Protein chains: 2
Amino acid sequence: MELRHLRYFVAVAEECHFGRAAERLHMAQPPLSQQIRQLEKEIGVELLHRTTRKVSLTAAGERYLERARNILRAVEQAGEEAARVDTGEVGRVSIGFIGSATYALLPVLARELREQLPEIEFEFTGEMLTPAQVAALHEGTIDIAVMRTPVQDESVEVEVMRQESLVVALPETHPLAAKEAVRFADLKGEPFITYPSEHRSVLHDAVLAAAQRAGFQPRRVAQVAETSTMVVFVAAGLGVAVVPRSVEALQLAGVVFRPLVGAESVELAIGWHSERRTPAVERVLERLRVSLAEPDAPA
Amino acid sequence: MELRHLRYFVAVAEECHFGRAAERLHMAQPPLSQQIRQLEKEIGVELLHRTTRKVSLTAAGERYLERARNILRAVEQAGEEAARVDTGEVGRVSIGFIGSATYALLPVLARELREQLPEIEFEFTGEMLTPAQVAALHEGTIDIAVMRTPVQDESVEVEVMRQESLVVALPETHPLAAKEAVRFADLKGEPFITYPSEHRSVLHDAVLAAAQRAGFQPRRVAQVAETSTMVVFVAAGLGVAVVPRSVEALQLAGVVFRPLVGAESVELAIGWHSERRTPAVERVLERLRVSLAEPDAPA
DNA sequence: CGGTATTGATATGCTGGGGGTATGGAGCTT
DNA sequence: AAGCTCCATACCCCCAGCATATCAATACCG
């Protein structure tokens with residue numbers, strides 16, 4: 001069975017006449033008859049009812065005609081679509097966001113991108129840790145990651161977009177909540193809520209480093225995988241958490257955010273797999289560079 | 001472009017390896033490479049990214065793969081479906097109802113048929129006059145007609161199902177409404193609402209004949225194309241109408257139906273085009289014969 | 001009713017292209 | 001550097017698809 005069979009069948013069905021159909025197909029009538037017979041034999045159904053004077057469609061033929069037309073149209077469209085994908089005009093792009101960027105950035109970017117590139121289908125995932133993002137880039141689960149530096153992976157290309165200063169999330173009843181700003185040293189002895197250390201969270205490492213510089217070892221009371229959970233834990237008064245400033249977008253009753261003086265900032269970057277730079281991905285990267293250009297803005 | 005190209009492409013895309021794909025396709029690797037090149041050239045897009053060591057899909061190729069799979073599945077299904085149409089297992093059947101059967105029969109039969117033959121798609125049309133039904137059978141607009149005899153058309157086969165006695169529809173304020181039954185002669189001088197005579201309504205002819213036997217010429221005050229309109233006109237007190245008993249199903253405030261004694265009955269029949277007896281139509285005819293077997297029942 | 005034209009099926013030969021084998025060349029592995 | 005893997009190229013063969021010629025059946029026409 002080949003597309004030829006379908007094209008020939010459609011022609012004969014539309015003309016209801018082998019001779020005219022053959023003419024339309026720029027071929028002689030006998031081979032056309034042969035091909036139609038072959039088709040009928042292959043699917044095991046009589047599609048045309050022929051007398052020596054008249055050709056008409058059987059019920060099965062009528063239904064098959066519709067299908068055949070659809071299939072031929074689909075074949076054409078598939079080619080055209082592939083061409084559009086090739087130019088990046090259409091495409092599918094999946095973006096994975098680091099946990100702390102899930103609340104301030106994901107909604108804004110999702111809206112912007114869908115608006116600016118309506119022909120591209122987007123898929124957004126939030127609350128990913130950087131190592132998971134790297135793995136996902138490798139597997140092809142995501143095409144682009146909005147992530148934290150550093151990333152040491154040969155095939156993942158990274159571009160730093162902005163610096164995000166760190167803030168501390170405090171229960172509103174906490175004594176430090178009364179201050180305008182908090183020094184990292186003030187947090188000595190406080191119960192810390194952190195990301196899980198075994199997954200090598202960049203933020204987690206940054207917090208450890210900052211604490212060490214301030215001369216103490218943070219006391220960890222809980223390790224959570226998601227930023228929202230972290231903030232909820234703070235709201236519940238279980239402890240404090242150090243997060244990038246953009247997490248302030250996640251306003252919750254019972255939680256206040258205070259600037260951390262003397263703490264280093266963390267980098268927000270975009271990353272992609274060097275071998276998965278499809279045209280659509282390229283266009284999205286362009287837009288992301290523009291959208292994420294403002295330094296250290298909350299959104 | 002042939003289906004072969006799609007099959008080959010799917011194989012290569014799935015294996016990401018020309019050699020293995022060729023093996024799977026029971027062919028050698030070089031011609032496979034050729035065919036894929038040919039495909040790419042035809043749609044003008046690079047579908048596969050090859051190095052001498054690795055084959056991978058481009059973005060366009062990935063999309064094309066999905067489409068190709070769908071197309072191949074569609075081709076298979078089209079054949080299977082045609083086979084099912086051939087055995088009457090599935091199909092589409094359009095049934096046209098004569099006006100006076102629209103209200104009592106159409107809803108009942110529609111429900112029954114859909115229930116008994118769920119694999120068949122039905123289309124029902126009501127309020128057709130017999131000549132229009134014959135024309136529709138010829139054009140193929142309908143496959144089966146629930147109609148009135150007689151039909152004099154060579155290619156339309158007719159089977160009488162039941163006799164329907166005639167009743168008269170009267171405004172409820174009409175003096176005759178007080179009687180249990182009405183003789184046709186009682187209607188002498190009454191204003192009649194009829195179907196349009198120029199369309200050769202069978203019922204119209206039957207009424208004229210009955211009137212002639214009763215010794216008068218009916219006075220026609222209105223001609224309507226639809227039975228529902230006819231009954232509405234009677235309800236409005238514009239006149240009386242003679243209709244088959246099954247129209248009683250169309251209950252309307254202000255209208256009463258009374259049996260007509262001494263009036264002949266009309267025949268309800270099913271008709272179909274002798275050259276459009278598809279397997280599905282055949283199966284529907286079977287069911288109709290059973291459903292319409294009860295003589296002169298209102299439904 | 002016979003002759004003719006029309007139309008689909010059958011018979012037969014030719015040709016192009018799809019598929020075969022042999023080989024080349026690029027890039028991993030060891 | 002040698003060898004292996006794997007896709008591309010070169011070249012050839014054979015069959016499938018198409019053409020031409022013809023037949024068979026039916027409608028049409030005088």
Side-chain angles (χ1 to χ4, degrees), chain A residues 1-58 60-61 64-65 68 72 75 138 154-155 274-275, chain B residues 1-58 60-61 64-65 68 72 75 138 154-155 274-275:
Chain A
M1 156 87 79
E2 289 298 336
L3 284 180
R4 180 186 47 234
H5 293 113
L6 299 184
R7 281 190 269 264
Y8 292 178
F9 171 66
V10 169
V12 174
E14 283 177 355
E15 299 285 347
C16 272
H17 191 292
F18 278 77
R20 279 198 301 276
E23 197 175 351
R24 194 169 111 184
L25 294 166
H26 306 291
M27 66 189 289
Q29 167 263 315
L32 179 57
S33 292
Q34 278 181 16
Q35 293 291 316
I36 299 290
R37 281 200 170 287
Q38 217 173 81
L39 173 63
E40 288 180 323
K41 188 178 171 190
E42 181 157 349
I43 65 175
V45 178
E46 194 184 40
L47 297 174
L48 295 166
H49 202 275
R50 321 110 142 99
T51 67
T52 48
R53 298 298 299 170
K54 213 166 55 181
V55 175
S56 59
L57 284 164
T58 63
Y64 200 74
L65 174 60
L72 292 174
V75 169
H138 269 113
E154 282 205 341
S155 47
S274 55
E275 285 172 18
Chain B
M1 157 88 78
E2 289 298 336
L3 283 180
R4 178 184 52 247
H5 294 113
L6 298 184
R7 281 191 270 262
Y8 292 179
F9 171 66
V10 169
V12 174
E14 284 177 354
E15 299 285 348
C16 273
H17 191 292
F18 279 76
R20 279 198 302 277
E23 196 174 353
R24 196 170 109 184
L25 293 166
H26 306 293
M27 65 188 290
Q29 167 263 316
L32 179 57
S33 293
Q34 278 181 18
Q35 293 292 316
I36 299 291
R37 280 200 171 288
Q38 217 174 81
L39 173 63
E40 288 180 322
K41 188 178 172 188
E42 181 156 349
I43 64 176
V45 179
E46 193 184 41
L47 297 174
L48 294 166
H49 201 274
R50 321 110 143 99
T51 67
T52 48
R53 298 298 300 168
K54 213 164 56 181
V55 175
S56 59
L57 285 164
T58 63
Y64 199 75
L65 174 60
L72 292 174
V75 169
H138 270 113
E154 281 205 340
S155 48
S274 56
E275 286 171 17

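Below, chains carry the letters A, B, ... as their sequence lines are ordered, and counting in each starts from 1. Quick caveat, the model's predicted, so the values are computed rather than measured.
- Considering only the side chain of Arg50(A), dA9(C) comes nearest among dG19(C), dA9(C), dG8(C).
- Residues Leu32(B) and Tyr8(B) share a closest heavy-atom pair of CD1-CB, 3.6 Å.
- In this structure, the NE2 atom of His26(A) is 17 Å from the C1' atom of dG17(D), given to the nearest Å.
- Note: CD (Glu40(B)) to C1' (dA8(D)) measures 13 Å, nearest angstrom.
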| query | Which parts of nucleotides 21-26 of chain D does protein reach within less than 4.0 Å, heavy atoms only, written one letter per nucleotide 5' to 3' as B for base, S for sugar-phosphate only and - for none? | reply | B---SB
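- Whole-Å rounding puts the Leu3(A) CG to dA16(D) P distance at 19 Å.
- One N or O on the side chain of Glu40(A) and one on the backbone of Leu47(A) form a donor-acceptor pair closer than 3.5 Å.
- For the pair Glu2(B) (side chain) and Leu3(A) (backbone), a donor-acceptor distance under 3.5 Å is present.
- DNA chain C is contacted by both Gln38(B) and Arg37(A); Arg37(A) maps to the nucleotide lying nearer its 5′ end (nearest heavy atom per residue).
- No more than 12 heavy atoms of other residues, nucleotides or ligands sit less than 6.0 Å from atom CD of Glu23(B).
- What you find for Phe18(B) and Ser33(B) is that their closest heavy atoms are CD2-OG, 3.3 Å.
- Heavy-atom nearest nucleotides on DNA chain D were determined for Ala28(A) and for Lys54(B), and the one closer to the 5' end corresponds to Lys54(B).
- Across dG19(C), dC7(D), dA9(C), the shortest atom-to-atom separation from the side chain of Pro31(B) is found for dG19(C).
- Annotation for Thr58(B) and Leu48(B): closest pair CG2-C, 3.9 Å, computed over non-hydrogen atoms.
- Between dA8(D) and Ser33(B), a contact under 4.0 Å exists linking OP1 or OP2 to a side-chain N or O.
- Atom C1' of nucleotide dG16(C) and atom CE of Met27(A) are separated by 15 Å, given to the nearest angstrom.
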Pairs: protein N or O with nucleotides 12-15 of chain C N or O, under 3.5 Å:
none

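- Remark: P of dG19(C) and CD of Glu2(B) are 11 Å apart, rounded to the nearest angstrom.
- Regarding Glu15(B), its CD atom lies at a distance of 16 Å from the C1' atom of dT5(D), rounded to whole Å.
- Under the salt bridge (charged side-chain N to carboxylate O under 4.0 Å, His left out) criterion, Glu15(A) pairs with Arg20(A), Arg24(A), sequence neighbours left out.
- Counting non-hydrogen atoms under 4.0 angstrom, His5(B) reaches nothing in the nucleic acid.
- Between His17(A) and Val55(A) there is no side-chain heavy-atom pair separated by less than 4.5 Å.
- Distance CG (Leu32(B)) to C1' (dG17(C)): 16 Å, rounded to an integer number of Å.
- Atom P of nucleotide dT9(D) and atom CD1 of Ile36(B) are separated by 14 Å, given to the nearest angstrom.
- The shortest heavy-atom contact between Cys16(B) and Ser56(B) is SG-CA, 4.4 Å.
- The shortest distance between the side-chain N/O atoms of His17(B) and the OP1/OP2 oxygens of dT5(D) is not below 4.0 Å.
- Looking only at distances, a side-chain donor or acceptor of Ser274(B) sits under 3.5 Å from a matching main-chain atom of Ser155(B).
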